[in-house]
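The structure appears below as structure tokens.
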Amino acid sequence: MNVALLRALRIIARADSDPARQALFERVSSRTPSMKLALRAHRLLGDSNAGAALILGYGVGEYLKASLAGESPRDGLLGLGIYPTDRSALDYVARLVGAERVGWIKVSPAPQRVTPQSTRQLLSRFARGRRRRRLLRLARLINRRYGFLVACRLTATVAWRLRSAALLAEAQPRAVLVTSDYHPEPIGLVAAARAAGLPVIFVTHAHPHRLCPPLEFDLAILDGEAALSAYERLGPARAEIVFRGVEGESRPLEPERLLQEHPVIGLFPPKEIRWEVFARLIEEARARFQPARFLIRWHPNMLEGSRLGEHLADLSDLEVTPQSLPLAEVVGRCTWALGEESSNVHLGTLKVGVPSIPLAGLAVTVGGSDYYGFIADGVLPPAVDSLEELSLEDTVAFYGAPDWPERFRRYDASYLQPREAMDAAVAAQVLAHLGWAP
């Protein structure tokens, strides 16, 4: 097994063994019939050869999901984004280098052309002779050592390593572009790019946290010094670094908006919500602030449909914004905002001048309070469990502190700075790694 693939498997095993990830998986699988069936079958088969075959079958399905999106430009940049939250960061880089120079790997929501014949052909194509025996041996080892979630994710990483090698040979890019560093799809692509001797460019789409591995890319595009410090706490950064700041045009923060009567309150819940807590917070806001209305922006990677109707009798003052609207556009319509304390959305709301209140207990599981360190670093005020305990005057004073802009600028290098100069610096670094003239 080559070094790049071994590192990829270690990253995935560490991330998906985390108790918070395991708890989230258990919650999602408990309400998903297909996942419940697969878990039941895996428990029955155990660490037998049939159990290993089930895990390997998941990898086959992942292999079949990936393809090139249209004709990819030769000698260009090949990007991969799995989730809606990824695409904005990837598009930022594409705009800088020219969209015509960027090709994309498409990920289908379900495996394509899965038949017994296609599966046999697939196995014969990417797993001949010795390689097939190695894969079966690896599946047995993974199945014995890990639980269902980690075993599936590790097998998916191997599948994406193999599929990415084929896609790279077809597309013949000059470099690859990813925006996630602990999911099987991009990690498998990175391992394939390393084996092919291709540069890897990483652009962050959210602030790093404990599940992220140390930086190991040719070029890493980060939001600011705080992101680099967070990565360095995880291990030495082996990458050339350039800062881009949080996306969008920045505006000075207006703390006094918190004192306006009948506000339009922005609600930015996490992807897995405690619905009873969310409903209680809305009722508290209604009683205390008499808002004109609420604007709800569901998380782009939300894991279930809205259940507010089960907990609230009155939904008349709730407006759900279209998923297609950029965050800045939704925030711009709000007087102030509410979000889970461990949510990256606060950076986007503060960026455009709108005060943001961190809430405790709104997410089902996030792996601990103040996950990103925004509160500890003085970017956000202390989180509240209830809006009844929120002191608007103290929050206005917190955000009005003379040094708050400098604290925030550690997280957003572009805050109240000329955007064009920073974008030009990022573009120059990307083009240099691609060997292209500006």
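Source: prediction; values computed, not measured. Just so you know, residue 1 is the first one in the sequence shown, and it goes up from there.
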Is the charged tip of [X] near the ring of [Y]: under 6.0 Å from the six-membered ring centre and within 45° of its axis?
| X | Y | value |
| --- | --- | --- |
| Arg163 | Tyr63 | yes |
| Arg244 | Phe202 | no |
| Arg409 | Trp404 | no |

Measuring centre to centre across the rings, with the benzene-like ring taken for any Trp, is [X] within less than 6.0 Å of [Y]?
| X | Y | value |
| --- | --- | --- |
| Tyr372 | Tyr411 | no |
| Phe374 | His207 | yes |
| Tyr182 | His209 | yes |
| His205 | Tyr83 | no |

Closer than 4.0 angstrom, basic N to acidic O: yes or no for [X] and [Y]?
| X | Y | value |
| --- | --- | --- |
| Asp423 | Arg95 | no |
| Arg194 | Asp218 | yes |
| Glu216 | Arg7 | yes |
| Glu272 | Arg31 | yes |
| Glu319 | Arg333 | yes |
| Arg419 | Glu249 | no |

*For residues Leu308 and Trp275, determine if any side-chain heavy atom of one lies less than 4.5 Å from a side-chain heavy atom of the other.*
yes

*Can you spot which of Val242, Leu96, Ile221 makes a side chain to side chain contact (heavy atoms under 4.5 Å, CB included) with Val430?*
Ile221

*Which of these passes side chain to side chain contact (heavy atoms under 4.5 Å, CB included) with Leu189: Leu168, Val200, Leu198?*
Leu168

_Surrounding CZ of Arg145 (heavy atoms of other residues, nucleotides or ligands, distance under 6.0 Å), is the total greater than 12?_
no

*For Glu100, look at atom CD and say whether over 12 heavy atoms of other residues, nucleotides or ligands are found less than 6.0 Å away.*
yes

*Verify the distance criterion only: is there a donor paired with an acceptor across the side chains of Ser17 and Gln22 at less than 3.5 Å?*
no

*Taking atom types as modelled, is there a side-chain donor on Asn143 or His42 under 3.5 Å from an acceptor on the other?*
yes

